[in-house]
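A short worksheet on the structure shown next.
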Amino acid sequence: MKRALVTGAAGQIGTELVMALREGLGDTAVLATDLRDPGAEHPAVAGGPFRLLDCTDPDTLALRVREHRPDVVFHLAALLSAVGEARPQDAYRVNLGGLMNILEAARKEGFAVFTPSSIAAFGPGTPPDPTPQDTVQRPTTMYGVTKVAGELLCDYYQLKFGVDARGVRYPGLISHTAPPGGGTTDWAVEIFWAAVREGRYRCFLSHDVRLDMMYMPDAIRAALELMDADPGRLKHRNAFNVTAMQVTPEQMARAIQERLPDFGMGYAVDPVRQAIAESWPRRLDDSAAREEWGWQPEFGLHETVEDMLTQVTLAVEKSRPAHRAL
Ligand code: NAD
Ligand code: SER
């Protein structure tokens, strides 16, 4: 990989992926794009080239590709699960229409594509623990419908047209650089900011819903390692199960209380997001990713909580107005 273009670069994953890519390839080799301008201070804008791009607009996409000449496009633009349930028609248009435009551009221009799928590609009929790599997928959310169809579309373009399309099924992602974009696992980020700022958090999922989770440095490494993997070793191409830890809100709260003993956790269950969470797997079987490209997570629950609390505390202290000596 020499030159990359990232769609949805202002989002939770894109912000950190762009930073990692620029560190490896050089600032000007990575074009960050998004539907919205996140402002001059945002790392995707401040650290190198940034252009507006709506992935549902194939003409502007073609222009950006011709301008930048990427050999890999990381396609992150999407609407997440909770937003997708509120705006299902938009989720279909952006998640599938946008992906189709990217794959068509890849077919014509010859670049490789990374597209994340999700635990949301599974549904209530899927074996939840462990969830095999290849199994029943009957999701009950529009987001999940677009993820299953997107996995198949990527496989189709690889088999039919030879497009080098690859991807993983991310679990819920925990990070501190950019806020999450409206998913069912957003509580696992919000909890840290609330713990540091207010000492308490009210969770929108019940105390005992266990879901797969991953810390962002592992998620970024998964994307980069998969795109670097020897294609000869890949039996699957898209939608590799990956996971790092399985956590309930109560377990997360207890792990935070080990460092912040006064932290208090309450619950106000949102029935929409609760139903989504209950339809998702508890633990993905990631043995195909381990065997085919050497996937290995580095952050478990305690390492994640330790680093998140340190980083969020630093960020909160930095944002407080400095006290001036009188
Ligand atoms: P996010 O919501 O934080 O960011 C998505 C970005 O896409 C936003 O900056 C938004 O402005 C942009 N966008 C929306 N519509 C667009 C359009 N039409 N054209 C261009 N940009 C548009 O999402 P994220 O968490 O960074 O997720 C990125 C990808 O990873 C998505 O495909 C998502 O489904 C997948 N994923 C994320 C998680 C997670 O926990 N964050 C888990 C599993 C899979
Ligand atoms: N974290 C994502 C969501 O909750 C999973 O894809 O939507």
Side-chain angles (χ1 to χ4, degrees), residues 5-18 32-39 42 44-45 50-58 60-61 64 73-87 90-102 113-122 139 141-148 150-151 154 167-175 177-190 204-205 209 211-216 218-220 222-223 239-244 270 272-274 276-277 279-281 284:
L5 184 152
V6 181
T7 71
Q12 189 190 5
I13 302 177
T15 300
E16 297 200 38
L17 181 63
V18 165
T33 71
D34 202 286
L35 180 67
R36 63 191 164 98
D37 182 344
H42 190 279
V45 180
F50 175 88
R51 302 296 298 271
L52 290 175
L53 173 61
D54 179 345
C55 67
T56 65
D57 169 4
T60 310
L61 171 63
R64 298 284 176 261
V73 169
F74 292 85
H75 178 47
L76 306 180
L79 303 188
L80 272 67
S81 59
V83 178
E85 283 316 276
R87 295 162 48 201
D90 285 343
Y92 184 91
R93 191 176 54 80
V94 173
N95 295 8
L96 275 177
L99 176 59
M100 183 69 180
N101 289 340
I102 296 285
V113 181
F114 173 85
T115 311
S117 184
S118 162
I119 47 172
F122 298 109
T141 61
M142 177 55 90
Y143 177 66
V145 168
T146 67
K147 287 299 176 190
V148 177
E151 292 177 1
C154 289
V168 297
R169 292 183 182 127
Y170 279 133
L173 299 180
I174 302 171
S175 69
T177 307
T184 303
T185 57
D186 291 13
W187 70 269
V189 176
E190 293 169 5
F204 58 75
L205 295 185
V209 183
L211 287 173
D212 262 317
M213 294 281 168
M214 184 179 288
Y215 196 32
M216 192 59 86
D218 274 338
I220 299 298
F240 278 100
N241 283 359
V242 288
T243 184
D270 166 16
V272 174
R273 285 177 286 185
Q274 178 74 18
I276 295 175
S279 76
W280 287 352
L284 298 185

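Atoms within a ligand are numbered from 1 in the order they appear, just like the ligands themselves. As the structure is a prediction and not an experimental result, all values here were calculated from the model.
Taking every heavy atom of both residues into account, T243 and P171 meet most closely at CA-CG, 4.3 Å. Looking at every heavy atom in both residues, T7 comes nearest to T33 through CA-OG1, 3.3 Å. W280 and F122 make their closest contact through CD1-O, 4.0 Å (heavy atoms, listed as atom of the first residue, atom of the second, distance). When all heavy atoms are compared, the tightest approach of A121 to V148 is O-CG2, 3.2 Å. Residues L76 and P116 come closest through the heavy atom pair CD2-CG, 3.6 Å.
Looking at ligand 1, you won't find any N or O of V94 less than 3.5 Å from one of its N or O atoms. Distances between N or O atoms of D54 and those of ligand 1 include at least one value under 3.5 Å. Every N/O-N/O distance between P179 and ligand 1 stays at or above 3.5 Å. Distances between N or O atoms of L79 and those of ligand 1 include no value under 3.5 Å.
Here the side chains of F114 and V168 are in contact, with some heavy-atom distance below 4.5 Å.
With ligand atoms numbered from 1 in the order given, ligand 1 contributes 42 (C), 43 (C), 44 (C) to contacts under 4.0 Å with heavy atoms of Y170. Every atom of ligand 1 with a heavy atom of S117 under 4.0 Å away is listed here by number and element: 43 (C), 44 (C). Distances below 4.0 Å separate heavy atoms of S118 from the following atoms of ligand 2: 5 (C), 6 (O). Near G8, the atoms of ligand 1 lying under 4.0 angstrom from a non-hydrogen atom of the residue are 6 (C), 7 (O), 12 (C). Within the listing of ligand 1, atoms 40 (O) sit less than 4.0 angstrom from a heavy atom of G172. Using a 4.0 Å cut-off to heavy atoms of A78, the atoms of ligand 1 that qualify are 5 (C), 7 (O), 14 (C), 31 (C), 32 (O). When each atom of ligand 1 is checked for a heavy atom of L53 under 4.0 Å away, the hits are 19 (N), 20 (C).
Nearest non-hydrogen protein atom to atom 2 (C) of ligand 2 is T185 OG1, 3.9 Å. Atom 4 (O) of ligand 2 has T184 N, 2.6 Å as its closest protein atom, hydrogens excluded (heavy atom only). With hydrogens left out, the protein atom closest to atom 7 (O) of ligand 2 is S81 OG, 2.7 Å, a heavy atom.
Contacts between W280 and ligand 2, counted as non-hydrogen atom pairs separated by less than 4.0 Å, involve the side chain only. Under 4.0 angstrom from ligand 1, there are no non-hydrogen atoms of R169. Counting heavy atoms closer than 4.0 Å to ligand 2, residue Y143 contributes side-chain atoms (C-beta onward) but none from N, CA, C or O. For R36, every heavy-atom contact with ligand 1 shorter than 4.0 Å involves the side chain, none the backbone. Under 4.0 Å from ligand 1, not a single heavy atom of T7 appears.
In this structure, SG in C55 is found 8.0 Å from CG in L61, a value given to the nearest 0.5 Å.
Taking all heavy atoms of D57, N95, L76, T15 into account, the minimum distance to atom 31 (C) of ligand 1 is reached by L76. Looking at L17, L80, D34, T56 and measuring to atom 11 (O) of ligand 1, the nearest heavy atom belongs to D34. Between the choices A91, P171, P116, the shortest heavy-atom distance to atom 42 (C) of ligand 1 belongs to P171. Considering each of A77, G181, S118, G97, the one bringing a non-hydrogen atom nearest atom 21 (N) of ligand 1 is A77.
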